[in-house]
Amino acid sequence: MPRRCHWARGEPDIVYHDAEWGVPSHDDRRLFELLVLEGAQAGLSWSTILARRAGYRRAFAGFDVARVARFKPTAVARLLRDPGIIRHRGKIESAIGNARGVLAIRREHGSFAAYLWSFVGGRPLDNRRRSPRQVPAQTALSLALSRDLKERGFTFVGPTICYAFMQAVGLVNDHLTSCFRYAPVRRLARRAGRGEGLSSRSTADEPQARSVMRRAPKDFRAEARPTSRRRGA
């Protein structure tokens, strides 16, 4: 049996861990999906969210950003009656508002992916964690991303949620070095670092990332003390 990160225990978690977690993503639809799902997890287990993932895809138009951004109050009322998702008004309204924020970022940076990848200079961070205790709940970099998203009107994007999101979409590789997925994800990260599959806007956006980092602690890779436990932690 392959060794996995300790949090991957039940079948939904294992399937997600083995196929998706930490794989560098440059697809705006998937990035938006995971941003919504990470926000929906607040106060809940990731297994709870994975069990409703199909429901979320149905309820939120397959995470088509432009369609979700057009959702009206009647759609919110409908979603509050949908048993396939977490029926929390704040989280539902956040998904719609954040879709509008993603569209604004696209107009500015060309894609949501280009904006996000600019925070790591277009190359995933390989953290080489050996123990769950080494995995933080948030970092200075996730704090910087959180601050910038909030300034743009995003909600449910605190630094802990942002770090879990960064782990999920491969901005950082937080598979433990003992995990059988660490090496394959690292190879994918190296490919991403060579620009394979990256948006052409990523390099151009690096000045924007540096500007954001100036408002973060001096060492943007420094780890903050964990404030809560999430995947990988």
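The first residue of the sequence shown is numbered 1, and numbering continues consecutively from there.
The CD1 atom of Ile96 sits 10.0 Å away from atom NZ of Lys72, with the distance rounded to the nearest 0.5 Å. The distance from atom OG1 of Thr155 to atom CG of Leu149, rounded to the nearest 0.5 Å, is 10.0 Å. Here CE of Met166 is found 6.0 Å from OG of Ser142. Values are rounded to the nearest 0.5 Å. Rounded to the nearest 0.5 angstrom, Asp13 CG and Ser45 OG are separated by 7.5 Å. Between the SG atom of Cys162 and the CG atom of Leu35 there is a distance of 7.5 Å, given to the nearest 0.5 Å. Separation of atoms CG (Asp64) and CZ (Arg57) is listed at 14.0 Å; rounding is to 0.5 Å.
Using a 4.5 Å cut-off on side-chain heavy atoms (C-beta onward), Phe32 and Asp28 make no contact. With a 4.5 Å cut-off on side-chain heavy atoms, Gln41 and Ile49 count as touching. For the pair Arg152 and Asp148, the minimum side-chain heavy-atom distance is below 4.5 Å. Between Tyr163 and Leu145, the closest side-chain pair of non-hydrogen atoms is not below 4.5 Å. Arg78 is not listed as a side-chain neighbour of Thr74, based on a closest heavy-atom distance of 4.5 Å or more. Annotation: side chain of Pro132 is in contact with side chain of Leu176 (closest heavy-atom distance under 4.5 Å). Under the 4.5 Å side-chain criterion, counting only non-hydrogen atoms from C-beta, Trp46 is in contact with Leu37. Between Ile86 and Thr48, some side-chain heavy-atom pair lies under the 4.5 Å cut-off.
Phe180 and His17 have tilted rings, their planes meeting at an angle from 30° to 60° on a 0 to 90° scale. The aromatic rings of Phe156 and His88 stand perpendicular to each other, their planes meeting at an angle above 60°, with 30° marking the opposite boundary. Ring-plane geometry between Phe63 and Tyr56 is classed as parallel, the angle between the planes falling under 30 degrees on a 0 to 90 degree scale with a further cut at 60.
A salt bridge is absent between Lys91 and Glu38; no separation between the charged side-chain nitrogens and carboxylate oxygens falls under 4.0 Å. Between Arg58 and Asp82 there is a salt bridge, since at least one side-chain N of the basic residue sits less than 4.0 Å from a carboxylate O of the acidic one. No salt bridge links Glu33 with Arg29; every basic N to acidic carboxylate O contact stays at or beyond 4.0 Å. The pair Glu20-Arg181 fails the salt-bridge criterion, with no side-chain N (NZ, NE, NH1 or NH2) lying under 4.0 Å from an Asp/Glu carboxylate O.
The minimum heavy-atom distance linking Ala40 with Leu44 is given by the pair O-CD1, 3.6 Å. The minimum heavy-atom distance linking Ala42 with Ile161 is given by the pair CB-CD1, 4.3 Å. Contact between Ile105 and Ser111 at its shortest, heavy atoms only, is CG2-O, 4.1 Å. Between Val135 and Gln167, the shortest heavy-atom contact is CG1-NE2, 3.6 Å. Contact record, Cys179 with Cys5: SG-N, 3.6 Å, taken as the closest heavy-atom pair. Of all the heavy atoms in Ala95 and Phe60, the pair that sits closest is CB-CE2, 3.7 Å.
The cluster map of Ile, Leu, Val, Met, Phe, Trp and Tyr, joined by side-chain heavy atoms under 4.5 Å apart, puts Val68 and Ile85 in the same cluster. Cluster membership for Leu80 and Val36, using ILVMFWY side-chain heavy atoms within less than 4.5 angstrom, is shared. In the hydrophobic clustering of ILVMFWY residues, with side-chain heavy atoms under 4.5 Å counting as a link, Phe71 and Val76 come out together.
Under the 3.5 Å distance criterion, the side-chain polar atoms of Thr160 are left unmatched by any main-chain donor or acceptor of Gln138. Listed for the Asn98 side chain is no donor-acceptor partner under 3.5 Å among the backbone atoms of Gly101. A distance-only check finds a donor-acceptor pair linking the side chain of Arg100 to the backbone of Ala69 [under 3.5 Å]. Without hydrogens or angle criteria, Arg129 side chain to Gln134 main chain gives a donor-acceptor distance under 3.5 Å.
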Quiz item: Going through the distances and angles, do Glu151 and Arg147 end up as a salt bridge (charged side-chain N to carboxylate O under 4.0 Å, His left out)?
Solution: CA-CA 6 Å; Glu151 287 178 3; Arg147 285 175 176 171; over 6 Å; no

Quiz prompt | Verdict with supporting geometry, Trp21 and Trp7, ring-ring contact (aromatic ring centres under 6.0 Å, His included) | solution = CA-CA 12 Å; Trp21 195 66; Trp7 57 266; 5.0 Å; yes

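Within 6.0 Å of the CZ atom in Arg3, the count of heavy atoms belonging to other residues, nucleotides or ligands does not exceed 12. Within 6.0 Å of atom CZ in Arg67, 12 or fewer heavy atoms from other residues, nucleotides or ligands are found, so the atom counts as exposed in its surroundings.
The only option from Asn173, Val120, Leu188, Leu171 that meets the side chain to side chain contact (heavy atoms under 4.5 Å, CB included) definition with Pro24 turns out to be Leu188. The residue from Trp117, Tyr115, Phe112 that alone fulfils the ring-ring contact (aromatic ring centres under 6.0 Å, His included) condition with His26 is Trp117. For the salt bridge (Lys or Arg N to Asp or Glu O under 4.0 Å) criterion with Asp126, the lone passing option out of Arg187, Arg190, Arg186 is Arg186.
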